[in-house]
Amino acid sequence: MSELPTTYRPADVEPAVLERWLDSRAFHAVPDADGESYAILIPPPNVTAALHLGHALNNTLQDVLVRHHRMLGRNALWMPGTDHAGIATQTVVDRRLQQEAEPSLTDYKQLEEQGQGGREQFVAKVQAWKDEYEAAITDQLKRMGCSCDYERQRFTMDPVCAAAVREAFFQLFKDGLIYRGKRLVNWDPVTQTALADDEVEMREVDGAFWYMKYPIVERDGTETGEHVTVATTRPETMLGDTAVAVNPGDPERKGLIGKLVRLPIVNRVLPIVGDDYVTMPDAESSDVKAKYASGFLKVTPAHDPNDYEIGFRHERTISETARHVLINVMAPDASISTRHGWPEDDHAQADDFLRDELVGKSREAARKLVVDWFKRHDLLEDTRPYRHSVGHSYRSHVPVEPYLSDQWYVAVTAPINRLPDQGTLERTKVPANSLAGLALRAMAPDQKAGADVGDGVTIPGRDRAAVAEDPDKPLKPLGVGEKVWEGHLRFYPSRYARTFQHWHEGIRDWCISRQLWWGHRIPVYLLAFSEDSDFLERFPKYLDAAGVTDRVEIRAPDTTAEPYYVASLDAESDAALEYLARFAGKPLVDTPMAHSRSLVEARGHDFSHLEGLAKEVAQPIFYLEQDLDVLDTWFSSALWPLSTMGWPRPEDFPDAIPEADKLLETWNPTNVLCTAREIITLWVSRMVMFNLYFSDPDLDPRSTKQRLPFYDVFVHAMIQDGHGQKMSKSLGNGVDPVDIIHSHGADAMRFTLAHMTTHTQDVRLPVDLVCPHTGEIFEPKYITTNGYKVMAPTQESPHAPGSRMVTSYGVSSGQVQASDAMPLARNTSSKFDIGRNFANKLWNAVRFALTRLGEAPPPGGADVDYALADRWILSRLARTVRLANESLSEYEFSRYAQAMYDFVWRDLCDWYIEAVKADLNDRPAARAVLATCVDASLRLLHPAMPFITEKLWEHLNAIVPERGLDQLELPGSEVLVRARWPHVGREWIDEASERSFELIQQIVAAARQVRTEHTVPPRQVVDVSAKAPPAIAQQLLEHTELVGVLANVTPREVGPRVDRPSDAAAAVTGDIELYLHGLIDPELERGRLAKRVEELTSQVDRLQGRLSNENYVSKAPAHLVEQTRNQLAAAQRELEAVQEQLEALA
RNA sequence: GGGCGAUUAGCUCAGUUGGCUAGAGCGCAUCCUUGACGUGGAUGAGGUCACAGGUUCGAGUCCUGUAUCGCCCACCA
């Protein structure tokens, strides 16, 4: 095999192997193929950036599973795709535009306001970014060897997924599970957008507590002369106060509940309400809140989330006096304003100070003015400095303002009226027939706290022994006719089931609207009208006339001024609505409407028949427009298991979905979802709810159509950097897997990642740099920003002073750019050495096997004359196959990797190959066994290390086309990716041979130890004799050659009565005394034997102690006591022998 | 504030129903350029399993508490 280099060079192998897989469409799955279906959906990576090692881990594990099941003969599909990641992507693109001093979001917003299509232009920019990163991500996946069906790749905003989003939204809307409501959002007053919670940075700020006095008044408004003192960090929001709260358990203050106060400046009358949210003051308390509290809490529902809750708990009381619960006192730029939700009848009664001084001022200015006003009027009791954390916008870095706005919601705890009322679930108030109820009922009962495991539902579970024996036929998790969604969702590790359960038990309605441009625009049209009250009655007729038949209309119940919502389902209806909106609708508010007719018509719809209607509709003053917001990214991700399979109508997309027929039936549910724990709530939960809800259009509780999106959820560790910080894009400490592929190879990376995957939460991965000038690896310099340790943006080469480079952190944070003089340094990590070394070891083992087998191929026949080593390695192989099956079926990747490592390196290379090296040419059996072991090793390792095994398979096929032993079939396959997983039955486990071989190993180790100690050159052959009890001596005599080869000794006498030659060094191991002739060195001897005496003495003491403990003898299991006795006897015998040897030396 | 996890050899980590004389890889020390592999081979040193109690014949493993680090969720008048 001269063409195989002596070290494995991944870069020479990987591209060709990948090409071979892709050319042969080895990853493509079709519904009608043979084998039970098996499917995994990729958690679609965000198109915000390229993948990092966290993704590499996630995808490696999925690939291990998919490749394993494909080899088990199952019809395996791994569905790839990417997520549009609304907020994240929009922000990343905007930031990049800003960095490059190009027109950015604020500029496009201006364009949009001027009616110049800014929205479309900006979305095009994001689309370009998406195209770039989607391609990069796909390339990375391929280079990692991920066996995704790339012909089926989806994107959460492509037409197929968009159709699913529309259908899902419409169904929910029709069922009354989508509604519109007000809510406080995190508002960034500078960029004037709402922010997601995770876009809010908490920062410690030096602020103050102000103690402000509100006068108590009688019903008729006269002041009593008394006052209450509220404590606040935000005095300016007092303008929007609609109540004052005290704790009803507060003995000093509860008497004031029901009294009234007059709000200074505004002159609004507020009720004092009792609410146990209020902290009672306690100057001595360690609780900061209690320490600063006054006992009176000002309630500002429109400007504080907690106050919002309190406000609505006391809605009636507040309405009686303050009239309005919600009073918004700010404009979108956070300046004081009476025009954004502050009713006229309320602010009219305010002091002139409000209009003359406050209105139009910023929050900060207003704060000062309000405080001064209170001071001037002797209503400021105290000011105390206070350091607290305040949410800041991560984009504009100003404090976020809780700001009231209209949002769309999915009602997750409302009963689904298509399902019969089944009451509420135990322990919770969640109705069983709600979305959250469905999710809770889907949990495996044995993983669910408070569930009655014994009641009705059978838990399929897994029989580990059965899986180990025969993984080809894994136990099906479902019984015929069972309601599939009752109790089969299973988490690995099981602790994550609790996270899932708690989340659903305390779940709140899901806000699905986002004030963004990048995403699925909410498919709802808002109609507002005024003056012509008949219009509302006529409008449905217009819709009918326009052909918008398949629609749902919702009219806000309370007031005619509120909008009226229409959602349509089919494309034709939707286009008609859009047409009406664009040509007939006149905006009541300042929204842009400059769209071209061609845009609609370009989609192939003809609306000439609507022109007359449009004119008629346009007569009254009304406003019809599609909602400006987009859907939460998770809305489309929640549909991933359905949309990727073409739901609801795959036949609509013949070009986008190959072999669309039966896609859903075949691969929904999928088998396992493989993900990190951070999105159990955000994503897993919602997929479960949606898949159950949408998989059966009738939601018939007796049907078996309701399907889970997946049965198993495997949650793997998060990769942290060397400092224990999460590896993430936003932190800029992510490592590109391609860097590791450069330094170590894809297989090495994959093997190491699998090897790291235990059931723990986090794994740490220290990162080094590769100097682009010299190629050497060094530890980078770090800096600290925002409390995080990150690589300094630029680094100096440690051994080429003056040569500089930039780091990926420097580039991703926009601080530096790579250039010829300062190239980008790739990352690497010595963590991956284990994988690289292992790949190299495998390479060389197979290389060796191929040379020898090439000279004299193994026989094919049945009459094989096995030697001990042959039987031993086959037994080890059988155990390894079992261990691999068992581990992989339980998602224990580390155990699988470790088993492979031990078998290939320790058993096969260190012992078996060394044992048979010399007589491979003479013994056909050894050749057959070696070929078998190599073949099986490649198969077993293929899921973890696909490239190298595929390459070696090619060579193995060329040189040894016929492999396998009698009754151990290894069916041939041209490509390994499609080969069968080895089946080595338990009949190959040979305990007698294992014991015999272990005895040999023990003796060889002892002999080597003595040799090393006496510094015998490795090549020098030493005569050795041994004294051992007859049975053992007999075994040894049968295998003297084996010992001779492995320890490089010449065996002489073996027997129960062998004497120690006077010039021999002695070693005692178990019941065997080993004499290595010609090595006498009393000093060394004495030292070693004395040490052994010490070890044995302490062991004997310990064992004797245990046995002299009556409780142990009586209470411990009998076999353990027996074992202890045997151990003691053995230790005593050995101790005696050692002492004898020691005395003989004296 | 609620929940979860970690703490085992210099480093990174195993240790799944308590039976352990606590393992691996890297690193370290000594030796070996032996025809598969120096990304290798042989041998060795290195740990009171974070701390304090408890349960048990027996605790790295179970329970309680403490400390430190990390993550998730909620929130900070």
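Side-chain atoms are counted along with the backbone in the values below, which use heavy atoms only and exclude waters and symmetry mates. Below, read A as the first sequence line, B as the second, and so on, with proteins coming before strands; counting in each chain starts at 1. Here the structure is a predicted model, which means the values were calculated and not measured.
For Trp683(A) and C73(B), the CH2 to C1' distance is 20 Å, given to the nearest whole Å. Computed from coordinates, the Asn1109(A) CG to G19(B) C1' distance equals 13 Å when rounded to whole Å. Protein atom CG of Leu1103(A) is 16 Å distant from nucleotide atom P of G19(B), rounded to whole Å. Taking atom CG of Asn844(A) as the reference point, atom P of G41(B) lies 10 Å away to the nearest angstrom. Across the protein-nucleic acid pair, Glu309(A) atom CD and C75(B) atom C1' stand 12 Å apart, rounded to whole Å. Distance CD (Glu1110(A)) to P (C57(B)): 13 Å, rounded to an integer number of Å. Look at NE2 on His502(A): it is 19 Å from P on G1(B), rounded to the nearest Å. Separating the CH2 atom of Trp503(A) from the P atom of C4(B) is a distance of 18 Å, rounded to the nearest angstrom.
For C37(B), there is no paired nucleotide, since no Watson-Crick or G-U wobble pair has both relevant distances below 3.5 Å. Of the nucleotides present, C57(B) is the one that pairs with G19(B) by Watson-Crick or G-U wobble criteria, both distances under 3.5 Å. Pair check for G10(B) finds C26(B); Watson-Crick or G-U wobble, both atom distances under 3.5 Å. The partner of A50(B) is U66(B), judged by Watson-Crick or G-U wobble contacts that both fall below 3.5 Å. When Watson-Crick and G-U wobble pairs are counted only if both distances are under 3.5 Å, G1(B) pairs with C73(B).
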Under 3.5 Å, which N/O atoms of the protein pair with N/O atoms of nucleotides 8-13 of chain B?
residue: U12(B); atom: O2'; partner: Lys831(A); partner atom: NZ; Å: 2.2
residue: C13(B); atom: OP1; partner: Arg764(A); partner atom: N; Å: 2.6

Could you pull out the protein-nucleic contacts involving nucleotides 43-49 of chain B (nitrogen or oxygen on both sides, under 3.5 Å)?
residue: A45(B); atom: OP1; partner: Lys1091(A); partner atom: NZ; Å: 2.9

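Seen from the ring of Tyr912(A), Lys917(A) does not count as a face-on cation partner, given the 6.0 Å and 45° thresholds.
The side chain of Asn837(A) has G40(B) as its nearest neighbour among U34(B), C57(B), G40(B). Nearest nucleotide to the side chain of Tyr1112(A), out of G19(B), C4(B), A36(B): G19(B). The listed nucleotides are U34(B), C71(B), A36(B); the one nearest the side chain of Arg1019(A) is U34(B). With C4(B), C32(B), A36(B) as the candidates, the nucleotide lying closest to the side chain of Arg498(A) is C4(B). Among U21(B), A36(B), G19(B), the nucleotide with an atom closest to any side-chain atom of Arg1106(A) is U21(B). When distances are taken from the side chain of Arg895(A) to each of U34(B), U16(B), C37(B), the shortest belongs to U16(B). Here G41(B) is the nucleotide among C57(B), A36(B), G41(B) with the atom lying nearest to any side-chain atom of Arg906(A). Proximity note for Trp905(A) (side chain, C-beta onward) versus G19(B), U34(B), G40(B): the nearest is G40(B).
Taking the P atom of each, U64(B) and C69(B) are spaced 23 Å apart, rounded to whole Å. Rounded to a whole angstrom, the distance from the P atom of A52(B) to that of A45(B) is 28 Å. With C1' as the reference atom, U55(B) and C71(B) are 31 Å apart, rounded to whole Å. A distance of about 45 Å separates the P atoms of U33(B) and G19(B), rounded to the whole Å. Across U34(B) and C28(B), the matching C1' atoms stand 25 Å from one another, rounded to whole Å. Rounded to a whole angstrom, the distance from the P atom of G10(B) to that of C49(B) is 13 Å. Nucleotides C4(B) and A9(B) are separated by 28 Å at their C1' atoms, to the nearest Å. As rounded to the nearest Å, G5(B) and G15(B) have P atoms that lie 14 Å from one another.
Residue Lys1115(A) places none of its side-chain N or O atoms closer than 4.0 Å to OP1 or OP2 of G58(B).
Here the side chains of Met749(A) and Leu53(A) are in contact, with some heavy-atom distance below 4.5 Å. Residues Gln1104(A) and Leu1128(A) meet the side-chain proximity criterion, which asks for heavy atoms closer than 4.5 Å. Contact check for Leu765(A) versus Ser829(A): side-chain heavy atoms found under the 4.5 Å cut-off. Looking at heavy atoms from C-beta onward, Thr6(A) lies in side-chain contact with Arg847(A) at the 4.5 angstrom threshold. You'll find the side chain of Trp911(A) reaches within 4.5 Å of the side chain of Val1004(A), heavy atoms only.
The residue among Cys909(A) and Met718(A) whose nearest nucleotide of RNA chain B lies closer to the 5′ end is Cys909(A). Mapping Val390(A) and Ala849(A) onto RNA chain B by nearest heavy atom places Ala849(A) at the nucleotide closer to the 5' end.
At a threshold of 4.0 angstrom between heavy atoms, the contacts of Pro1117(A) include nucleobase atoms, whether or not backbone atoms are also involved. Tyr901(A) comes within contact range of the sugar-phosphate backbone alone, with a heavy-atom separation under 4.0 Å but no base atom that close. Residue-level contact check: Gln720(A) touches the backbone only, with heavy atoms under 4.0 Å from sugar-phosphate atoms and none from bases. Counting non-hydrogen atoms under 4.0 angstrom, Thr233(A) reaches the backbone sugars and phosphates but no base. Contacts of Arg1011(A) with the nucleic acid, taken as non-hydrogen atoms under 4.0 Å apart, are absent. Within 4.0 Å of Gln1020(A), counting heavy atoms only, lies no atom of the nucleic acid at all. Here Trp210(A) lies out of heavy-atom contact (under 4.0 Å) with every strand.
One can find a donor-acceptor pair under 3.5 Å joining the base of U16(B) and the side-chain atoms of Glu892(A).
Below 30°, between 30° and 60°, or above 60°: for Tyr891(A) and Tyr492(A) the angle between ring planes is above 60°, a perpendicular geometry. Between Phe751(A) and His755(A), the ring planes lie parallel to each other; the angle is under 30°, not in the 30° to 60° tilted range. Ring-plane geometry between Phe374(A) and Tyr214(A) is classed as tilted, the angle between the planes lying from 30 to 60 degrees on a 0 to 90 degree scale.
Between Arg1092(A) and Glu1134(A), the closest heavy-atom pair is NH2-OE2, 2.8 Å.
Of the candidates Trp210(A), Tyr211(A), Tyr292(A), Tyr292(A) is the only one forming a ring pair (Phe, Tyr, Trp, His ring centres under 6.0 Å) with Tyr386(A).
In terms of modelled atom types and a separation under 3.5 Å, the side chain of Arg1106(A) and the main chain of Val1113(A) share no donor-acceptor contact. Although no hydrogens or angles enter the test, the distance criterion places no donor-acceptor pair under 3.5 Å between the side chain of Thr233(A) and the main chain of Ala208(A).
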